[in-house]
Amino acid sequence: NLGLALGRPPIGYWSDTLGRINVAILSTALCGIFCLSIWVPAKSYAVMIVFALASGTVTGTFWATVVPVTADVVGMQRLPLAFGMICLPLVLPTTFAEGIALQLVATSGYLTTQVFVGCMYLLGAISVWGLRSWKIRELDEDVQREREGSSSIPVGSHRTHERFWLTARGLLSSWGGGLTDDIIDT
């Protein structure tokens, strides 16, 4: 909790500076890296305290960025419904997460649980990276429509993508610089 208290203000600042989705990717990936590089080899209490503080600073990324990222994806009108749809499915896994972890430890050992947690954070970061790619493609289409003089698509309507959205350009575009990145950062 101390790590979370220390980490949340910088995450909010960086979200405003670098972009909410970008910070969600970085923080989630960083937590997975901390799990695999600090928690797995930890053999002393001091290292566990370092891990707890380091991972705690980025573990709360979800709660710091979920509402702004959801608003970016679904719009302000659909935000309450979408946030409810995000929180409701969290009840079941979080209710049984500790029991599942203890069962993993009992059957496969502590290392399996540590690796599982680290890999789940990395998988979460990859998922948000896919969201970033989709959002960049969507914004590129809107910018292209505005340049051509056609009206943009109203919020909540269905978009048709001329090309597949999960592209190398979307995944590997710069973190700052281009027109699209400036839109994502705001």
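In this text the structure is predicted, and so the values were computed from the model without any measurement.
Side-chain contact between Leu26 and Trp14 is absent, with no heavy-atom pair separated by less than 4.5 Å.
Every residue meeting the side chain to side chain contact (heavy atoms under 4.5 Å, CB included) condition with Ile11, not counting sequence neighbours, appears here in chain and number order: Ser15, Val23, Ser27, Thr61, Ala64, Thr65. Shown here are the side chain to side chain contact (heavy atoms under 4.5 Å, CB included) partners of Ala82, two or more places apart in sequence or in another chain: Thr70, Val74. Shown here are the side chain to side chain contact (heavy atoms under 4.5 Å, CB included) partners of Leu53, two or more places apart in sequence or in another chain: Leu2, Ile49.
Residues Val73 and Ile25 share a single hydrophobic cluster, defined by chaining ILVMFWY side chains whose heavy atoms lie under 4.5 Å apart. Under a hydrophobic-cluster definition in which Ile, Leu, Val, Met, Phe, Trp and Tyr are linked whenever side-chain heavy atoms come within less than 4.5 Å, directly or via other members, Phe51 and Tyr45 are assigned to different clusters. Two different hydrophobic clusters hold Val128 and Leu123 under the rule that ILVMFWY side chains link at heavy-atom gaps under 4.5 Å.
Scanning all heavy atoms of the two residues, the minimum distance from Ala24 to Thr28 falls at O-OG1, 2.7 Å. Taking each heavy atom of Tyr121 and Cys35 in turn, the nearest pair found is CD1-SG, 4.3 Å. The two residues Pro41 and Ile38 come nearest to each other via the heavy atoms CD-O, 3.4 Å. Between Gln114 and Trp39, the shortest heavy-atom contact is NE2-O, 3.1 Å.
One finds a salt bridge joining Asp72 and Arg20 here, because a Lys/Arg side-chain nitrogen approaches an Asp/Glu carboxylate oxygen to under 4.0 Å.
Residue Ile126 is found outside any hydrophobic cluster, as its side-chain heavy atoms come under 4.5 Å of no other Ile, Leu, Val, Met, Phe, Trp or Tyr. Hydrophobic side-chain contacts under 4.5 Å tie Leu36 into a cluster, directly or through other members, with Ile33, Val40, Leu111, Val115, Leu122.
One distance of note links CZ of Arg132 with CZ of Arg137; it measures 15.0 Å at 0.5 Å rounding. Distance CZ/Phe34 to CG/Leu30: 3.5 Å, rounded to 0.5 Å.
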Side-chain atoms of residues 87-107: list all donor-acceptor pairs with protein atoms under 3.5 Å, sequence neighbours left out, distances to 0.1 Å.
| unit_1 | atom_1 | unit_2 | atom_2 | d |
| --- | --- | --- | --- | --- |
| Thr94 | OG1 | Leu90 | O | 2.6 |
| Thr94 | OG1 | Val91 | O | 3.2 |
| Thr95 | OG1 | Val91 | O | 2.5 |
| Thr107 | OG1 | Gln103 | O | 2.9 |

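Remark: Met85 CE is loosely packed, at most 12 non-hydrogen atoms of other residues, nucleotides or ligands lying under 6.0 Å away.
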